[in-house]
Amino acid sequence: MDADFLNAFTQPAALNKFLGKNVITPGEKRKLIKPTSSNNPKLEELKLLLIDWINTTLKEEHIVVKSLEEDLYDGLVLHHLLENLGSLKLDVDKIALTEKKQRQKLSVILEAVANCLQLEESQLKWSVEAILAKDLLSTLHLLVAIAKHFQPSLAFPPNVHVETITIENTSKGLKTANGVEYITGSKENSEEQSNDAFDELFSRAPERLDDVKKVFLQFVNQHVGKLGLNVKDMESQFADGVILLLLIGQLEGYFLNLRDFFLTPASTTEMLHNVNLALDLLTDGGLLNFSVNSEDIVKGDLKTTMRVLYCLYSKYKAKET
């Protein structure tokens, strides 16, 4: 078993409990929300919003949902929801008591969703088996997609993301990978953001890239230099999240307790923790209003790193001039 798999949990008891609830059969590969994200307040906010939305929509049918995992897996609520929202008449029984009939019903429902939302199979972030297995991550992706299509005015909390673990049961044992996945994007339309100034810089004016990097490095070193630090390589030195956290602390006046982050991260998991903490601080401070995949920063993606740095630079450059 991979060492990273054990590092994803705080205690062996939590690991055993997790595996007890999530049986991974031989040859199966599943992506699950880590227990460490279970108390994420933004995730709870999204879950409550979706539950309230479903209950309001189905109020006249006297359907009450209390748990997204426990109340949606058999397809009954999804059936009523789609018929109510999209006036879709699905050729399935209202109630499916056996697992075989529940699977058949979900297949019809999810096919109708894909057709209605005009999604290819490769774009789907859910599956019949995942919904049937009461997988929260897949259920959230499905409900958010349905809500955005039928009720685009619904005010989702922005940038809701969770730590995930992908588990594959191979012949050699459990193979795992840690990651971060966004369930909702930013307040702005993601399509409008897909072609920003940094995309233009990288694609149309790469010869100016070094000049922009120099400006950012000068800005960063002006502040972290007070701590005796010097940044020369944006791709590598921001990957572990430490410099970014210290920069935010210097600019925003945060006191960062050493127990809250890893000063010398020794694994990808610890680096992701640092970067996610930095992104949360930026979001809570109103500086970050678009979705960022923390894995991209850890991998040293220059464009993503520059976008995040610009959030700080655009606020403080005016104060320094």
Side-chain angles (χ1 to χ4, degrees), residues 1-11 14-15 18 31-40 42-43 137 159-168 174-183 198 213 216-217 219-221 223-224 227-252 254-285 287-288 290-313:
M1 185 180 292
D2 294 354
D4 280 347
F5 182 74
L6 296 175
N7 291 336
F9 306 92
T10 56
Q11 298 177 1
L15 170 61
F18 182 77
K31 181 188 288 185
L32 303 164
I33 298 176
K34 284 185 182 180
T36 50
S37 285
S38 61
N39 294 324
N40 183 333
K42 292 183 179 179
L43 177 62
L137 183 61
N159 299 317
V160 178
H161 60 275
V162 292
E163 293 183 340
T164 63
I165 182 164
T166 301
I167 310 173
E168 184 176 7
L174 293 177
K175 180 181 179 182
T176 66
N178 298 307
V180 174
E181 185 154 339
Y182 276 81
I183 302 170
F198 289 98
K213 287 171 65 176
F216 278 154
L217 286 174
F219 168 74
V220 170
N221 286 322
H223 296 283
V224 300
L227 302 174
L229 301 170
N230 183 42
V231 178
K232 296 180 179 179
D233 189 322
M234 290 180 62
E235 290 96 322
S236 63
Q237 287 185 266
F238 282 96
D240 63 8
V242 175
I243 297 291
L244 184 56
L245 281 170
L246 295 176
L247 177 63
I248 294 170
Q250 284 289 102
L251 291 170
E252 294 286 284
Y254 289 126
F255 171 74
L256 297 172
N257 195 310
L258 291 176
R259 291 177 296 181
D260 294 336
F261 71 103
F262 298 95
L263 188 60
T264 55
S267 67
T268 301
T269 301
E270 293 179 356
M271 294 166 72
L272 282 168
H273 171 87
N274 286 352
V275 173
N276 283 325
L277 176 58
L279 296 178
D280 285 341
L281 290 174
L282 290 173
T283 301
D284 293 342
L287 295 174
L288 186 67
F290 55 89
S291 61
V292 177
N293 188 339
S294 54
E295 288 183 300
D296 290 339
I297 295 179
V298 171
K299 291 175 183 177
D301 182 76
L302 180 59
K303 190 188 299 184
T304 303
T305 302
M306 292 177 75
R307 282 193 178 109
V308 172
L309 287 176
Y310 184 73
C311 294
L312 290 164
Y313 176 78

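In this chain, numbering begins with 1 at the start of the sequence shown. No experiment lies behind these values; they were computed from the predicted model shown.
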(request) Check the angle between the aromatic planes of Phe262 and His273 and answer parallel, tilted or perpendicular using the 30° and 60° thresholds. (result) perpendicular
Nearest atoms (heavy-atom pairs only) where [X] meets [Y]:
X: Lys34; Y: Thr164; result: CE-O, 3.4 Å
X: Glu270; Y: Thr264; result: OE1-O, 4.3 Å
X: Ser294; Y: Val275; result: CB-CG1, 3.6 Å

Would you call [X] and [Y] a side-chain contact if the rule is heavy atoms closer than 4.5 Å?
X: Leu227; Y: Gln250; result: yes
X: Leu309; Y: Leu247; result: yes
X: Thr305; Y: Glu235; result: no
X: Val242; Y: Leu263; result: yes
X: Gln237; Y: Asn230; result: no
X: Leu282; Y: Ile248; result: yes
X: Glu252; Y: Leu287; result: yes
X: Leu281; Y: Leu256; result: yes

Taking the side chain from [X] and the backbone from [Y], do they hold a donor-acceptor pair closer than 3.5 Å?
X: Asn274; Y: Asp240; answer: yes
X: Asn221; Y: Leu217; answer: yes
X: Ser37; Y: Glu163; answer: yes

What's the separation between atom [atom1] in [X] and atom [atom2] in [Y], rounded to the nearest 0.5 Å?
X: Asn159; Y: Leu288; atom1: CG; atom2: CG; value: 5.5 Å
X: Ile33; Y: Glu181; atom1: CD1; atom2: CD; value: 8.5 Å
X: Ile297; Y: Lys303; atom1: CD1; atom2: NZ; value: 14.0 Å
X: Leu279; Y: Leu244; atom1: CG; atom2: CG; value: 7.0 Å

(request) Could you check Asn276, Thr268, Thr304, Asn293 and say which one makes a side-chain contact (heavy atoms from CB on, under 4.5 Å) with Val298? (result) Thr268
(request) Taking atom OH of Tyr310 as the centre, report whether more than 12 heavy atoms of other residues, nucleotides or ligands fall under 6.0 Å from it. (result) no
